[in-house]
Amino acid sequence: MAVSFDAKRGMVALEGEVNIECAAALKAALTAALDGAAPAAISLAGLTGVDVTAIQLLVAAERQARTAGRMLTADAWPESVGVPLREAGFSELPFAANAG
Amino acid sequence: MDTAGTAEAFRSRFREEAREIISELETSLLELYERRSDAELVGRVFRAMHTLKGSGAMFGFDDLAAFTHDLETAFDEVRQGRLAVSAELVDLALAALDEIRAMVEGEGDGAAGSQEARAKILADVRRLTGSAGAAAAIVAEPASEPAGTAVSGPVSAWRIRFTPGPDLLRNGSDPLLLIRELGRLGRLTGRASLDALPPLRELDPERCYAAWEIELETAAGADAIRDVFIFVEDQCALEIEKLGEPHAAPAREPAAAPAAVCPGDVTARGLEEQRRNAGRRSYDHPENTTSLRVPAARVDQLVNLVGELVTVQARLSEVTARLDDAEAQGVSEEIERLTSALRESSMSMRMVPIRGTFERFRRLVHDLARTLGKDVELTIEGADTELDKTVIDQLGDPLMHLIRNSMDHGIEAPEVRAAAGKRASATIHLSARHAGGSVLIGVADDGAGIDAEEVRRRAIERGLTAADAALSEAEIFSFIFQAGFSTARQVTDISGRGVGLDVVRQRVESLRGSVSVASERGRGTSVTLRLPLTLAIIDGLLVTVGESAFVLPLAATLECIERSAQDSGAVGGAMTNVRGELVPTIRLREYFGMDGEPPEREQIMVVESGSGRCGLVIDNVLGNCQTVIRSLGRLYRHVQAVSGATILGNGTLALILDPQRLVQEAMRAQGIRGRPPSDRPAAAQTMRRRSAAIGAGAV
């Protein structure tokens with residue numbers, strides 16, 4: 001499964017291709033992470049590719065965290081995924097400023 | 001529908017369309033081989049490659065898109081008159097097409113062999129076009145475009161506003177791939193906007209909320225840009241605006257976020273614009289509004305339902321006939337008419353012209369001719385002749401075997417032909433036509449013909465006939481369809497194993513058809529397949545044994561002989577004397593293990609198949625019937641001698657017997673190998689009989 005959520009650690013892990021096929025699961029995981037008590041984190045290191053749905057959800061999650069004053073961080077975007085995304089017009093990737 | 005399923009559904013939709021394009025492309029290339037300066041053909045080839053590349057990229061078949069790119073460039077050069085069509089180019093394109101086919105089917109993407117082959121093809125293509133590693137090749141306008149839009153020339157700057165509709169993602173497209181494709185046209189700078197994104201809780205995960213504003217520097221024209229979005233144009237808002245000559249650095253909008261287009265706007269303004277722009281696409285798919293693509297399973301289901309309706313309607317007729325009610329009978333007749341019309345209509349839905357099957361062989365003939373060093377032309381007649389889809393699907397193999405055989409053994413090398421005073425170029429002629437309730441399909445060549453003496457010798461060698469048997473030519477020729485029979489001195493890679501023609505006969509017979517051969521030494525050979533128009537309905541003879549009813553395919557029945565209990569013949573009932581000829585016989589009562597006493601007078605139905613004849617002892621013949629065949633289902637798949645079932649007008653079930661199996665069984669039981677000793681082999685006689693019958697309008 002490309003998207004997994006470890007409730008105890010408040011960790012959403014993304015592996016491989018994260019696209020429309022797991023969009024619903026990603027939304028559920030991010031929502032759960034933000035609803036949980038612990039500070040939440042997203043692991044992007046295992047990503048090999050994303051599509052628009054994943055970007056949308058991550059941006060929405062980042063905005064939500066900021067609005068609700070919740071702590072949500074992510075590690076760095078893998079270059080192979082981040083570079084094409086920037087080239088496709090996403091100049092500011094979600095969570096890009098706060099690595100780790 | 002779950003999204004993963006949708007994505008896969010769209011990928012297979014792409015595969016279907018790609019297969020069609022590939023098939024047409026192959027035909028065009030083969031024609032191009034013969035007519036090298038035909039501009040229209042070149043245009044067709046170019047457009048096909050362009051579409052493959054574009055839709056490949058669209059649906060994530062990146063390897064395919066990249067591979068096709070160089071070929072498209074090569075044919076663009078041809079279009080522009082900068083490169084001539086050569087045999088080498090066409091062969092390269094055909095080889096590339098095979099690779100493309102493999103990629104579409106998802107085979108060997110990473111296989112080393114294929115990678116090498118592809119790299120070699122690309123290297124050869126580049127050598128021909130003289131463009132070593134021409135990366136961002138400019139896609140120029142097709143020459144057929146009206147109203148001068150710029151061909152490759154000066155670079156211009158364009159602003160493109162792209163707002164996907166809400167369902168664009170759900171429908172299988174990915175904007176990121178589109179933008180990447182756009183980027184191949186030149187230098188691209190884009191800004192994605194997510195201003196329309198709702199809060200996480202309200203977000204529909206599968207909906208697209210992003211919009212793009214892009215600046216592109218390219219020499220390609222507006223139509224090439226629009227082409228990138230060709231498959232999504234009715235699901236998004238697209239604005240393409242030329243900005244004039246580019247500045248040193250692309251002008252950036254000062255500060256503020258680009259105006260976000262609300263997804264809501266898409267339906268109104270954007271789509272209207274799209275509709276207006278639609279006609280200006282650089283090529284419109286010739287919209288085939290007169291036909292529909294329907295899954296075969298749905299047609300089958302319809303045909304099945306109609307079949308059941310026919311059955312029940314027959315019972316209705318029977319029941320109302322017994323009533324003394326004129327009104328009910330009137331209605332019943334009305335229903336009978338309608339049902340009959342409905343059945344004809346639904347059966348005709350499954351009828352497909354044989355053109356596709358025939359045309360596929362052009363490639364085979366082309367390749368084989370090259371391999372064998374022979375000059376062969378394929379001509380086709382009657383491509384519009386229609387057959388039931390189930391029959392056509394089964395025809396491919398037999399025809400292929402026949403063509404291979406003809407090319408390998410029938411057609412002589414060019415020198416041999418010249419020495420014999422024949423045209424250097426040999427011809428293989430495929431034909432199809434309707435004849436009565438059948439279809440006749442012919443494979444004829446003007447090659448060396450069959451050596452009847454050789455065949456006879458081989459047949460005697462293999463014990464298929466006695467050394468002194470007087471056989472007609474047709475009878476001799478039909479030996480070539482026996483298992484393991486081959487007069488070829490050498491078993492070549494192509495044929496000569498003696499397997500092919502036997503398979504042909506078996507396959508044709510399993511389709512309830514027959515095969516016959518005519519040949520003239522030195523002039524050529526002609527093989528004719530006779531097949532029923534449809535497999536779903538059987539023209540049968542209804543017979544009874546005890547309480548059960550059986551149906552025999554009419555085409556396989558020869559004659560019916562009366563037999564009384566005393567007339568058991570010299571060999572205890574296992575053989576029947578049919579006008580001087582001994583025919584092995586099966587008592588169906590015993591064969592099916594039925595109880596009860598046989599009637600005083602029984603009948604013997606003589607049936608035949610390609611391997612011979614046999615007699616079937618039955619109680620009575622009820623008459624002709626034409627009914628819909630039902631398969632017995634997988635549980636009964638291994639039951640021999642019964643090929644299906646049908647439901648009679650009175651609601652009872654009748655099993656359909658398989659003459660092929662029964663003949664084999666009868667012969668085996670009597671230890672007979674090959675044809676029964678006879679001076680009137682079945683096939684030829686049946687041919688004559690059937691022709692006579694058709695002539696008399698009986699079929």
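When reading the values below, keep in mind they use all heavy atoms of this one structure, side chains included, and skip hydrogens, waters and symmetry mates. A note on names: the letters A, B, ... follow the listed sequences, proteins ahead of strands, and every chain is numbered from 1.
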Practice problem: Could you look at A:T31 and say if it's the side chain, the backbone, both or neither that has a heavy atom under 4.5 Å from chain B? | Solution: both

Practice problem: Examine whether an atom of B:I214 lies under 4.5 Å from a heavy atom of chain A, and if so say whether it belongs to the side chain, the backbone or both; otherwise answer neither. | Solution: neither

Quiz prompt | Main-chain N/O of A:R9 paired with A:D6 side-chain donor or acceptor, under 3.5 Å | solution = yes

Self-check item: A:Q56 portion near chain B, given a 4.5 angstrom heavy-atom threshold
Solution: both

Quiz item: Relative to the ring of B:W212, is the ring of A:F90 parallel (under 30°), tilted (30 to 60°) or perpendicular (over 60°)?
Solution: perpendicular

Would you tabulate the side-chain donor-acceptor contacts of residues 43-50 of chain A under 3.5 Å, counting partners in other chains and residues two or more places apart, or write 'none'?
{"from": "A:T48", "atom 1": "OG1", "to": "A:G16", "atom 2": "O", "distance (Å)": "3.2"}
{"from": "A:T48", "atom 1": "OG1", "to": "A:E17", "atom 2": "N", "distance (Å)": "3.4"}
{"from": "A:T48", "atom 1": "OG1", "to": "A:E17", "atom 2": "OE2", "distance (Å)": "3.0"}

Quiz item: Is the shortest side-chain N to carboxylate O distance from B:R180 to B:D174 below 4.0 Å?
Solution: no

Exercise. Would you mind checking if B:E16 and B:R19 are paired as a salt bridge, meaning a charged N to carboxylate O distance below 4.0 Å?
Key: no

Practice problem: Let me know if A:E92 has heavy atoms under 4.5 Å from chain B in its side chain, its backbone, both or neither. | Solution: neither

Exercise. May I ask you to name which of A:D35, A:L85, A:L26, A:T67 has the most heavy-atom pairs under 4.5 Å with chain B?
Key: A:D35

Exercise. Quick one: which of B:D204, B:L200, B:L176 has the most heavy-atom pairs under 4.5 Å with chain A, could you say?
Key: B:L200

Practice problem: Measure distances from B:I179 to the heavy atoms of chain A and classify the residue's part below 4.5 Å as side chain, backbone, both or neither. | Solution: side chain

Quiz item: Do B:R159 and B:E213 meet the salt-bridge criterion of a basic N to acidic O distance under 4.0 Å?
Solution: yes

